[in-house]
Q: 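Take a look at the following structure, please.
Chain A is the first sequence line, chain B the second, and so forth, proteins listed ahead of strands; every chain is numbered from 1. The structure presented is a predicted model; accordingly, all values stated were derived computationally and were not measured.
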Amino acid sequence: MTTPRSASKDFIREIIDEDLNSAKHDGTVTRFPPEPNGYLHIGHAKSICLNFGIAQEYDGRCHLRFDDTNPAKEDTEYVDSIKEDIHWLGFDWGDHLYFASDYFEKLFEWAVHLIENGKAYVDDQSSDEMRSGRGDLQNPGTDSPFRNRPLKENLDLFDRMRAGEFKDGEKVLRAKIDMAHPNLNMRDPVIYRIVHTEHHRTGDTWCIYPMYDFTHGQSDALEYVTHSLCTLEFENHRPLYEWFLENLPVPSRPRQIEFSRLSLNYTVMSKRKLLQLVEENYVSGWNDPRMPTISGIRRRGYPAEAIRNFCKTIGITKFKSTNDISLLESSVREVLNADASRFMAVLKPLKVVITNYPEDQVEQFDAVINPEKPELGTRKVPFSRELFIEQDDFMEDAPKKFFRLTVGKEVRFRCAYWIRCNEVIKDDDGNVTELRCTYDPETRGGENPPDGRKVKATIHWVSADHALDAEVRLYDRLFNTESPDSGDSNFLEHLNSDSLEILPAAKLEPNLADVAVGETVQFERLGYFCVDIESSDESPVFNRTVGLRDSWAKAKPKS
RNA sequence: AACUCCAUGGUGUAACGGUAGCACAACAGAUUUUGGUUCUGUUUGUCAAGGUUCGAAUCCUUGUGGAGUUGCCA
């Protein structure tokens, strides 16, 4: 057709193109269907970007539909957090907010329709009996003794199930398909079960609830969804999805397409495991900055744009891949490098006294806000006689490739002066406590001196009198093995005990007082940091979002 | 020894029977008032064996390896 094959499309978008070209549908409708039983994680972000992204690209729409068919697990708390997370990611469902529970009456009607057509029956067996009757992977199942119950009896019993005459588990409604089907999902699947539990939206209106399989396709059909995109584990459910659409008077015919879910190394993604990390206090909560949840990522300072870009790069396939966390971090750095304002901050302070600098003098130096965006201009940074530098920027016995400060050597203090270290002061234990240095007035602003001498390093600093005290939290990967999820061992055994390092006494450039929660900035030479939600004016707290690439860290000899 | 699906550098992902490309990672070098950024270059790949074809990552067969499925969860 005329569609240019410029950028390559994933197999789902190709299917949509074909459907559009063959005029199978006159528009494209997708949906994101979370169950409100937990917090969204980055795996959901992949699905959100796919579904809402397609809606944008094809000028269609994407519905947000809560798949709330299991009252025992679900709660409004989750509904709210899911909405917030989707909005944060930059997507919107407009007027198209739906709940599967809105369709309970319709689904009930359709169940009756099935019974009336001899395609569903009430089964009195216990779940154990049903399990053994189902057969297994190698062997066919056997028919339930209740399979050929008279139509009227089925109708009566199903009504009485709805009326609440039976206890949980006493009876179920089953689709009558084929107990010998090679696909276990087709062996007379349960479509309604009795649950006497209050539902977060319908309260106690119902005590029977439709199963996922009896809900999802019909909900898609009711909403005129054209492409129902889900993850690979629903592949075996597709025949059932289609069976219901074929045997029910549905208003439209959606198509289910499966793709591979997202997995990342050095983390876990399953709801159960994330819940365990929270409940057993291995992390501070669902929004702990180390968590792969959307709320954790947001608190960590990852920009939504970076998540969207990441989802674009990893693509959509049916191959069960594991993505490298460095790909995510690279997306984060790419966005932040372009957007983040630069500041100076000293994480582990070492005192420096400029002995030839006047005691009461303060100079305000101009520093570029963001070299990627020169139009943003400069900020003023105060310089004075007593400063802090990073402990890592000084070494007494420095190896050849160490470009930073050491006794007798000179470095540039960013935007200020060239500084030479003359003397090291130590405490009784031999720890370095202070550096005595001199500055060269001819290098004002950090300029090269007229004599043409060179310097190998530029380091950051903060004026002692002007510094803001802050706590800085450094995060590392939560697990120290690539796939803590797999294998026989308990994933908790692979927890990285150093995943959180708190630096209680960081010294910040005073301009950092104006940074708002939710904004991520660069601490020059260190990384990207954001103000934590626990921060206050009196005691600021910063999170390290991600470090800068650090070729020195890789090159330096191990201590 | 059921059914369904999957297999391209270290990790992802393109190539729709016609030059195996891109990103990340790694490694060099250049630039740099961030050991950042940017730029240049290098290394590494079609699971295997047959077949069809002038030509196969792509189509066919068989193997091998992996995943999912035996909830009244979704």
Q: When you compare the side chains of A:Ser331 and A:Asn309, does any donor N or O come within less than 3.5 Å of an acceptor on the partner?
A: no
Q: Rounded to whole Å, how long is the line connecting atom CE of A:Met211 with atom P of B:rC73?
A: 5 Å
Q: Does this structure show an ion pair linking A:Arg453 with A:Asp440, if we count only N-O contacts that are shorter than 4.0 Å?
A: yes
Q: Are A:Arg404 and A:Glu390 close enough, and set up right, to give a salt bridge (Lys or Arg N to Asp or Glu O under 4.0 Å), and what steps lead you there?
A: CA-CA 10 Å; A:Arg404 283 109 99 146; A:Glu390 209 67 61; over 6 Å; no
Q: Suppose you measure atom C1' in B:rU11 against the same atom in B:rG45; what distance do you get, rounded to whole Å?
A: 12 Å
Q: With the side chain of A:Arg404 defined as its heavy atoms from C-beta on, choose the nearest nucleotide among B:rU69, B:rG35, B:rA1.
A: B:rG35
Q: Nearest to the side chain of A:Thr458, which nucleotide is it out of B:rU33, B:rU13, B:rG68?
A: B:rU33
Q: Students often get this wrong, so: under 4.0 angstrom with heavy atoms, is A:Asp67 touching a base, only sugar-phosphate, or nothing?
A: sugar-phosphate
Q: Between A:Phe529 and A:Phe343, is the ring centroid distance below 6.0 Å?
A: no
Q: Both conditions, 6.0 Å and 45 degrees, for the charged tip of A:Arg149 above the ring of A:Tyr121: are they met here?
A: no
Q: Would A:Phe104 and A:Tyr209 count as a close aromatic pair, with their ring centres under 6.0 Å?
A: yes
Q: Any side-chain N or O of A:Arg174 below 4.0 angstrom from OP1/OP2 of B:rC72?
A: no
Q: Considering only B:rA2, B:rA74, B:rC72, which nucleotide approaches the side chain of A:Glu35 most closely?
A: B:rA74
Q: In whole angstrom, give me the gap between the C1' atoms of B:rU38 and B:rA14.
A: 26 Å
Q: Is it the case that B:rG35 (base atoms only) and A:Asp550 (side chain only) share a donor and an acceptor within less than 3.5 Å, ignoring hydrogens and angles?
A: no
Q: Would you classify A:Pro371 as touching base, sugar-phosphate or nothing, given that sugar-phosphate means primed atoms plus P, OP1 and OP2, and contacts are heavy atoms under 4.0 Å?
A: base
Q: Should A:Lys554 be listed as having a side-chain N or O under 4.0 Å from OP1 or OP2 of B:rA26?
A: yes
Q: If you draw the axis of the six-membered ring of A:Phe99, does the NZ or CZ of A:Arg201 fall within 45° of it and under 6.0 Å from the ring centre?
A: yes
Q: On a whole-Å scale, what distance lies between the P atoms belonging to B:rC73 and B:rA7?
A: 34 Å
Q: Can you check salt bridge (Lys or Arg N to Asp or Glu O under 4.0 Å) on A:Glu35 and A:Lys73, steps first, answer last?
A: CA-CA 9 Å; A:Glu35 182 186 14; A:Lys73 289 188 173 179; 5.6 Å; no
Q: RNA chain B: A:Arg134 or A:Gly446, which has the more 5' nearest nucleotide?
A: A:Gly446
Q: For the C1' atoms, the ones on B:rG66 and on B:rG71, what distance do you get once it is rounded to whole angstrom?
A: 25 Å
Q: Could you tell me if A:Arg160 sits above the aromatic ring of A:Phe166, with its cationic atom closer than 6.0 Å to the ring centre and no more than 45 degrees from the axis?
A: no
Q: Kindly say if A:Arg193 contacts the phosphate of B:rC73, meaning a side-chain N or O under 4.0 Å from OP1 or OP2.
A: yes
Q: How far does the C1' atom of B:rC24 sit from the matching atom of B:rU43, given to the nearest Å?
A: 15 Å
Q: Which of the following nucleotides, B:rG36, B:rA2, B:rA67, is nearest to the side chain of A:Pro182?
A: B:rA2
Q: Figure out the CG/C1' separation between A:Asn70 and B:rA74, and round it to whole Å.
A: 8 Å
Q: Applying a 4.0 Å non-hydrogen cut-off, can you work out what A:Phe234 is touching in the nucleic acid: base, sugar-phosphate, or nothing?
A: base
Q: Hey, which sits more toward the 5' end of RNA chain B by its nearest nucleotide, A:Gln125 or A:Gly315?
A: A:Gly315
Q: Would you tell me if any nitrogen or oxygen in the side chain of A:Arg549 comes within less than 4.0 Å of OP1 or OP2 on B:rU37?
A: yes
Q: Counting any heavy atom closer than 4.0 Å, what does A:Glu447 reach on the DNA or RNA strands: base, sugar-phosphate only, or nothing?
A: base
Q: Any N or O donor-acceptor pair under 3.5 Å from the base of B:rA74 to the side chain of A:His237?
A: yes
Q: If the glycosidic angle sits within 90 degrees of zero it is syn, else anti. Tell me which applies to B:rG71.
A: syn
Q: Measure from the side chain of A:Glu372, starting at C-beta and using heavy atoms only, and say which of B:rU70, B:rG36, B:rG12 lies closest.
A: B:rG36
Q: Which part of the nucleic acid, if any, lies within reach of A:Lys171 when heavy atoms closer than 4.0 Å are counted: base, sugar-phosphate only, or nothing?
A: nothing
Q: Quick one: label A:Phe259 by what it contacts on the DNA or RNA (base, sugar-phosphate, nothing), any heavy atom closer than 4.0 Å.
A: nothing
Q: Using atom P in both nucleotides, what's the gap between B:rA23 and B:rG65 to the nearest angstrom?
A: 35 Å
Q: Using a 4.0 Å cut-off on heavy atoms, which residues in residues 330-344 of chain A reach RNA chain B? List them by number, or say none.
A: A:Ser330, A:Asn337, A:Arg342
Q: How close or far is atom P of B:rU69 from atom CZ of A:Arg238, stated in whole angstroms?
A: 16 Å
Q: In whole Å, measure the gap between the C1' atoms of B:rU58 and B:rG51 for me.
A: 15 Å
Q: Do A:Tyr439 and A:Phe413 have their ring centres less than 6.0 Å from each other?
A: no
Q: Measure from the side-chain heavy atoms of A:Ile314 and tell me the nearest of B:rC72, B:rU34, B:rG12.
A: B:rG12
Q: Measuring only the C1' atom in each nucleotide, how far is B:rA1 from B:rG63? A whole number of Å is fine.
A: 16 Å
Q: Taking the six-membered ring for Trp and the single ring otherwise, decide whether the centroids of A:Phe403 and A:Trp552 are under 6.0 Å apart.
A: no
Q: So, A:Phe319 and B:rA7: ring centres less than 5.5 Å apart, planes less than 30° off, yes or no?
A: no
Q: Below 4.0 angstrom from OP1 or OP2 of B:rC72, is there any side-chain N or O of A:Ser126?
A: no
Q: When you get a sec, tell me which of B:rU33, B:rA2, B:rC72 is the closest nucleotide to the side chain of A:Met130?
A: B:rC72
Q: Give one of base, sugar-phosphate or nothing for A:Tyr212, where a contact means two heavy atoms less than 4.0 Å apart.
A: base
Q: Using a cut-off of strictly less than 4.0 Å, decide whether A:Ser326 has a side-chain nitrogen or oxygen near OP1 or OP2 of B:rU11.
A: no
Q: Taking 4.0 Å as the cut-off, does a side-chain nitrogen or oxygen of A:Thr69 come that near to OP1 or OP2 on B:rC73?
A: no
Q: Does the structure show A:Trp552 stacking with B:rG35, if we require the centres to be closer than 5.5 Å and the planes to be within less than 30 degrees of parallel?
A: yes
Q: Could one point to a donor on the side chain of A:Glu235 or the base of B:rU69 with an acceptor on the other under 3.5 Å away?
A: no
